[in-house]
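A short write-up of the structure that comes next.
Count residues from 1 along the sequence.
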Amino acid sequence: MTTAREIMSPDVTCIGERETLADAGRKMADLDVGSLPICGDDNRLKGMLTDRDIVTKAVAQHRNPEEMTAGELAQGKPVTIGADDDVAEVLRTMASHKVRRLPVIDGHDLIGIVAIADVARALPDRPVGELLDTISR
């Protein structure tokens, strides 16, 4: 069976937990991505930050993205997938947590991201369609 490691995007750029949301927005724009993993000083994953988070939790709340840090939006334990977990587990995890992107962890190290597009390229249409339907509810 195909594993997360085989379908992930391996080039991952983190936003540091002490960096501002404005810094994160600039990184997202430069990289042409809609999310970044939030990494701590210890290089451990603290959460995920999306462009939507910046808009709804900062801008819409009249908070200054130049003063607010990415770490302020890292809530709870991040949802991840193990590098050697199979694609069926990727689907289950995405569906149960209603997420479109999963950080891929090998031990404690962040080594990649699996997005719905990665899953779509690796699987037949039906499981991907069911996943999209579950996440979109």
Side-chain angles (χ1 to χ4, degrees):
M1 178 90 137
T2 305
T3 65
R5 183 187 311 271
E6 294 171 290
I7 65 169
M8 71 182 190
S9 299
D11 298 325
V12 181
T13 299
C14 286
I15 186 74
E17 66 183 332
R18 296 174 195 260
E19 291 183 77
T20 69
L21 297 183
D23 294 332
R26 285 187 285 276
K27 273 190 185 183
M28 287 180 191
D30 290 345
L31 297 168
D32 193 27
V33 297
S35 69
L36 292 170
I38 303 169
C39 295
D41 294 335
D42 57 1
N43 289 323
R44 295 242 175 138
L45 182 68
K46 303 297 182 187
M48 289 292 289
L49 179 66
T50 66
D51 47 8
R52 185 175 191 281
D53 291 333
I54 294 170
V55 171
T56 61
K57 297 175 181 174
V59 176
Q61 302 297 320
H62 305 289
R63 298 188 65 193
N64 186 346
E66 292 286 354
E67 296 174 0
M68 195 171 178
T69 66
E72 290 178 62
L73 296 185
Q75 300 173 355
K77 185 175 186 267
V79 177
T80 63
I81 194 77
D84 297 317
D85 289 344
D86 65 37
V87 176
E89 183 62 25
V90 171
L91 283 171
R92 280 191 295 277
T93 303
M94 284 181 157
S96 68
H97 293 279
K98 295 189 175 193
V99 296
R100 297 172 185 268
R101 299 166 198 90
L102 278 176
V104 180
I105 303 295
D106 190 0
H108 293 290
D109 298 327
L110 175 66
I111 63 164
I113 298 281
V114 173
I116 287 179
D118 300 317
V119 176
R121 283 189 289 275
L123 292 178
D125 293 342
R126 185 173 176 173
V128 175
E130 291 169 358
L131 172 62
L132 285 171
D133 184 52
T134 300
I135 290 172
S136 299
R137 287 187 208 166

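Using a 4.5 Å cut-off on side-chain heavy atoms (C-beta onward), M28 and L49 make contact. Using a 4.5 Å cut-off on side-chain heavy atoms (C-beta onward), V87 and E6 make no contact. Residues R26 and D23 have side chains in contact (heavy-atom distance under 4.5 Å, counting atoms from C-beta outward). Counting heavy atoms from C-beta outward, E17 and D41 have side chains that approach closer than 4.5 Å. Inter-residue side-chain proximity for M48 and I113 is flagged as met; some heavy-atom pair is nearer than 4.5 Å. In this structure, M94 and I81 have side chains that are not in contact, with every pair of non-hydrogen atoms separated by 4.5 Å or more. Proximity of T20 to E67: side-chain heavy atoms (C-beta onward) are nowhere separated by under 4.5 Å. Taking the side chain as every heavy atom from C-beta outward, L36 and L31 approach each other to under 4.5 Å.
Hydrophobic clustering of Ile, Leu, Val, Met, Phe, Trp and Tyr side chains at less than 4.5 Å, counting indirect connections, keeps L45 apart from V99. The cluster map of Ile, Leu, Val, Met, Phe, Trp and Tyr, joined by side-chain heavy atoms under 4.5 Å apart, puts V33 and I38 in the same cluster. A continuous path of Ile, Leu, Val, Met, Phe, Trp and Tyr side chains, each step under 4.5 Å between heavy atoms, connects I116 with V90, placing both in one hydrophobic cluster.
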**Q.** Test side-chain contact (heavy atoms from CB on, under 4.5 Å) applied to L73 and M68, step by step
**A.** CA-CA 9 Å; L73 296 185; M68 195 171 178; 3.5 Å; yes
Q) Going through the checks in order, is the side-chain contact (heavy atoms from CB on, under 4.5 Å) test met by V104 and L110? A) CA-CA 6 Å; V104 180; L110 175 66; 5.7 Å; no
Q) Going through the checks in order, is the side-chain contact (heavy atoms from CB on, under 4.5 Å) test met by D53 and L21? A) CA-CA 9 Å; D53 291 333; L21 297 183; over 6 Å; no
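With respect to D30 and K27, no salt bridge is recorded, no charged nitrogen being found less than 4.0 Å from a carboxylate O.
Screening R63, K46, R18 for a salt bridge (charged side-chain N to carboxylate O under 4.0 Å, His left out) with E72, the sole residue that qualifies is R63.
In this structure, CD on E89 lies 12.5 Å from CG on D84, to the nearest 0.5 angstrom. T50 OG1 to R101 CZ: the interatomic distance, rounded to the nearest 0.5 Å, is 7.0 Å.
Scanning both residues, A83 and D106, for their nearest heavy atoms gives CB-CB, 4.2 Å. Counting all heavy atoms, side chain and backbone alike, V12 lies closest to G112 at CG2-CA, 3.2 Å. Nearest heavy atoms, R5 versus M8: O-CG, 3.5 Å. Scanning all heavy atoms of the two residues, the minimum distance from G16 to A70 falls at O-CB, 3.7 Å.
Proximity of a side-chain donor or acceptor of D109 to a complementary backbone N or O of I111 within less than 3.5 Å is not detected.
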